[in-house]
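First up is the structure itself, then whatever we jot down about it.
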Amino acid sequence: MLDARGPLDPTVQERLRAISASRVTAGNRVRLLVDGVQTYTTMLDLVEQAEREILFENFIFRADAVGIAFADALRGRAETGVDVRVLHDPFGSLMSLRAPIGFRFHRSPVRVRVYNPPRPTPAFFRRGRDHRKLVVQDRRRLVVGGMCLADVWLGNCVSMCTWRDSAALVEGEAAQEAARAFEHLWGHGRTFTPRRPSPTARPAGEPSLQPSGSVPVRLVADEPRKRRVERMLAEVFGAATSEILITNPYVILPESLTKALTAAARRGVATHLLVPRSGNHHWVGLSSEHRIGRLLAAGVKVWRWRGPLIHAKTIVVDRRWSMVGSTNLDPLSLWRNAEINAEIHGSRLGEQMADLFFRDVRSATHFSHDDWLHRPRFRRLLTQAATFGWSWQ
C-alpha cells in the first residue's frame, strides 16, 4: 500500500505529471541492477530474447570488448529478422578514443543512426547531446540507468578497477513509454552506415500488454532546454518529509535545487549526498567542491566515494519515491542534453536503494563543513577558479 504523502501526495504527483509531460504507468515489475556484470548480463538477455524489436540507445558505445560483444549480439539478432535500431551520440563515440562502433554494423540489417551530428546549423547547437542509456525489448521490457558501454564498467583492478553504477530493469507498460521516447530522438538522428535489409524482418508495432506487476513507474524523457528533471526534483525535495539520498558523479547544482536541498535539511529532513572523491572530469569535481559549501552549512551530509569512480545517478526520497537514470546534476545534463530516467513508486525498491546507498557510504569518507572550511588556501582558490564557465540560464 503506497503512502500518499511527501512526493507521492496527489497534488505533488499532478505537478510532476504536468512538468514531465508523462503519465505514471501502473502495471510494472521492477528490479534494481547493480554494476556492470549484472546490468550488462540483463541487457544482453533482452537482446538475445527479443522476438520482434530491440531499441538500443547509448551515449558512449565503445569499440572495446564490451562494445564489440553488444554489437555482435545486436547484429546477430537482426540477422534472424528482429528489427534492431541503434542510436548513439557521435561526441560520446569520440570520447571513447576508438573507431566508431557503427562500422561493425556495416552492411548488416541493423539500422544505425547518430544523434545530432556536427553541422553548421542552428539546430545543431539547439539540440545538445544524447546522453541517454536505454534498451527496450519488444516494447515489453527495458533497462534504464547510468551505464555506457565500455570495459571500465567491468574492470579488472589491474589496469582499471570497476566503476560503481546502477540501473533498473522494468517490465510492463512503461516500456511502451520508453519506446515512444526513443522514437522521438530517432527522428532527429542521421543514418550512419549503409544497411542490408532483412528479408524476414518482423513487424514491430506496439504489443497488447497484460500487467507484469503492480509498481507505478513514470519514464521521464528530458530534452534540451526543457529542464524537466530539474523542476521535478525541486518539487520532490520540497515535498520530502524524512530522508533524501542522492548519488551522483557530477554535482554542479542550479539555484533551484540548492535552495530545495538546503531548505529540506533545515526543516529536519536527513539529506545525504554521495559523490566521487576524485572523478574522471577533475574540473567538474573542483567546481562541485566549491559549490557544496552552502549544502554543508545547511546540514546536508556529504560523502566522498573512495573507489575509482561512483557513476550511479540515483535518488531516493522517503524510501517511497526513487529515480534511476542518466541525468547528472550539472548544467549539461539538466539543461542541454537529452536524458531518460525512471521515476519509481513504492517502498520495496525504495528500501533496496536506501540499503545500497548506505552500503556505498561504508566505502566513502564523510566530508564535513569544517573539512570544507579548513581546506588549504591554494585548494580553495583552485575550486573557485573551476566555477567559471559553469552558468545557469
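Predicted model, so just to flag it, every value in this text is computed and none were measured.
Between atom CH2 of residue W153 and atom CZ of residue R62 there is a gap of 9.5 Å, rounded to the nearest 0.5 Å. A distance of 9.0 Å separates CD of E339 from CG of L332, quoted to the nearest 0.5 Å. Here CG of L286 is found 7.0 Å from OG1 of T383. Values are rounded to the nearest 0.5 Å. Separation of atoms CE (M323) and CG (L233) is listed at 5.5 Å; rounding is to 0.5 Å. The CG atom of L33 sits 9.5 Å away from the OG1 atom of T41 when rounded to the nearest 0.5 Å. Atom CD of residue E48 and atom CD1 of residue I54 lie 10.0 Å apart, to the nearest 0.5 angstrom.
The number of heavy atoms from other shown groups lying within 6.0 Å of CZ (R377) does not exceed 12. No more than 12 heavy atoms of other residues, nucleotides or ligands shown are found within 6.0 angstrom of CZ on R348.
Listed for the D355 side chain is no donor-acceptor partner under 3.5 Å among the backbone atoms of Q352. Checking side-chain atoms of T39 against main-chain N and O of G36 turns up no donor-acceptor pair under 3.5 Å. Looking only at distances, a side-chain donor or acceptor of Q13 sits under 3.5 Å from a matching main-chain atom of P7. Of the possible donor and acceptor atoms, none in the side chain of R190 sits under 3.5 Å from a partner among the backbone N and O of P117. Although no hydrogens or angles enter the test, the distance criterion places no donor-acceptor pair under 3.5 Å between the side chain of D35 and the main chain of S166. In this structure, the side chain of R129 engages the main chain of N116 through a donor-acceptor pair within 3.5 Å. Here the side chain of D318 pairs a donor or acceptor atom with the backbone of E243 at under 3.5 angstrom. A side-chain donor-acceptor contact under 3.5 Å links S22 to the backbone of L219. In terms of modelled atom types and a separation under 3.5 Å, the side chain of D130 and the main chain of R132 share a donor-acceptor contact. A donor-acceptor distance shorter than 3.5 angstrom exists from the side chain of N58 to the backbone of M147, with no hydrogens or angles considered.
For the pairing with L253, the side chain to side chain contact (heavy atoms under 4.5 Å, CB included) check across L295, I292, D330, L334 returns one residue only, L295. Considering R15, R17, R228 in turn, R15 is the only one that fulfils the salt bridge (charged side-chain N to carboxylate O under 4.0 Å, His left out) rule with E235.
Counting only heavy atoms from C-beta outward, the side chains of H131 and D89 never approach each other to under 4.5 Å. Annotation: side chain of R320 is not in contact with side chain of H345 (no heavy-atom distance under 4.5 Å). Side-chain contact between R111 and F105 is absent, with no heavy atoms from C-beta onward closer than 4.5 Å. V275 places none of its side-chain heavy atoms less than 4.5 Å from the side chain of W305. Contact annotation: the side chain of T365 approaches that of R306 to within less than 4.5 Å [non-hydrogen atoms, C-beta and beyond]. Looking at heavy atoms from C-beta onward, W186 lies out of side-chain contact with L55 at the 4.5 angstrom threshold. Within the 4.5 Å cutoff, no side-chain heavy atoms of N328 are placed close to those of H281. Counting heavy atoms from C-beta outward, M353 and L356 have side chains that stay 4.5 Å or more apart.
With hydrophobic clusters built from ILVMFWY side chains whose heavy atoms lie under 4.5 angstrom apart, L142 does not share a cluster with L46. Taken together through direct or relayed side-chain contacts under 4.5 Å among Ile, Leu, Val, Met, Phe, Trp and Tyr, I344 and V236 form parts of separate hydrophobic clusters. Both V82 and V86 are members of a single hydrophobic cluster when ILVMFWY side chains are connected at heavy-atom separations under 4.5 Å. Under the 4.5 Å side-chain heavy-atom criterion for Ile, Leu, Val, Met, Phe, Trp and Tyr, L154 and L149 are members of the same hydrophobic cluster. The hydrophobic clustering, which links ILVMFWY residues whose side-chain heavy atoms are closer than 4.5 Å, places V324 and I246 apart.
Ionic pairing of E53 and R139 is present here: one or more N-O contacts between side-chain nitrogen and carboxylate oxygen are shorter than 4.0 angstrom. At a threshold of 4.0 Å, the pair R336-E223 does not count as salt-bridged, since none of the basic side-chain nitrogens sits closer than that to a carboxylate oxygen. Look at R104 and D72 and you find a salt bridge, because one of the NZ, NE, NH1 or NH2 atoms lies within 4.0 Å of a carboxylate O, short of that distance. Taking a cutoff of 4.0 Å between a charged side-chain nitrogen and a carboxylate oxygen, D165 and K313 do not qualify as a salt bridge. With respect to R180 and E183, no salt bridge is recorded, no charged nitrogen being found less than 4.0 Å from a carboxylate O. Using a cutoff of 4.0 Å between basic side-chain nitrogens and carboxylate oxygens, E177 and R23 are scored as salt-bridged. Ionic pairing of R375 and E289 is present here: one or more N-O contacts between side-chain nitrogen and carboxylate oxygen are shorter than 4.0 angstrom.
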Could you go through E343 and W321, starting from their C-alpha distance and side-chain angles, then the distance that decides it, and tell me whether this counts as side-chain hydrogen bond (donor to acceptor under 3.5 Å, both in side chains)? CA-CA 7 Å; E343 173 195 333; W321 185 98; 3.0 Å; yes
In sequence, state the C-alpha distance, the side-chain angles, and the governing distance for T247 and R164, and then conclude on side-chain contact (heavy atoms from CB on, under 4.5 Å). CA-CA 11 Å; T247 302; R164 247 293 289 125; 5.6 Å; no
Go through S326 and K133 one step at a time and tell me if the side-chain contact (heavy atoms from CB on, under 4.5 Å) criterion holds. CA-CA 6 Å; S326 67; K133 292 90 177 173; 3.8 Å; yes
Derivation of the side-chain contact (heavy atoms from CB on, under 4.5 Å) call for H272 and W303: CA-CA 8 Å; H272 296 256; W303 306 89; 3.1 Å; yes
Apply the test side-chain contact (heavy atoms from CB on, under 4.5 Å) to residues V144 and N341: give CA-CA distance (whole Å), side-chain angles for both, the deciding distance (0.1 Å), then the verdict. CA-CA 7 Å; V144 62; N341 302 271; 5.8 Å; no
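Across all non-hydrogen atoms, the minimal contact from A175 to R141 is CB-N, 3.6 Å. L296 approaches S368 most closely through the heavy-atom pair CD1-O, 4.0 Å. Residues G128 and N337 come closest through the heavy atom pair C-OD1, 4.5 Å. Across all non-hydrogen atoms, the minimal contact from A174 to V217 is CB-CG1, 3.9 Å. Pairing each heavy atom of E173 with each of A26, the nearest pair is OE1-N, 4.0 Å. Across every non-hydrogen atom of L87 and G189, the tightest pair is CD1-CA, 4.5 Å.
If you look at F61 and F56, their ring centroids are closer than 6.0 Å. The distance between the ring centers of F91 and F59 does not fall below 6.0 angstrom.
Using a 3.5 Å distance cut-off with no hydrogens or angles, the side chains of S256 and E230 do pair a donor with an acceptor.
Between H311 and Y250, the ring-plane angle classifies as perpendicular under the 30° and 60° cut-offs. The aromatic rings of W372 and H369 sit parallel to each other, their planes meeting at less than 30°, with 60° as the upper class boundary.
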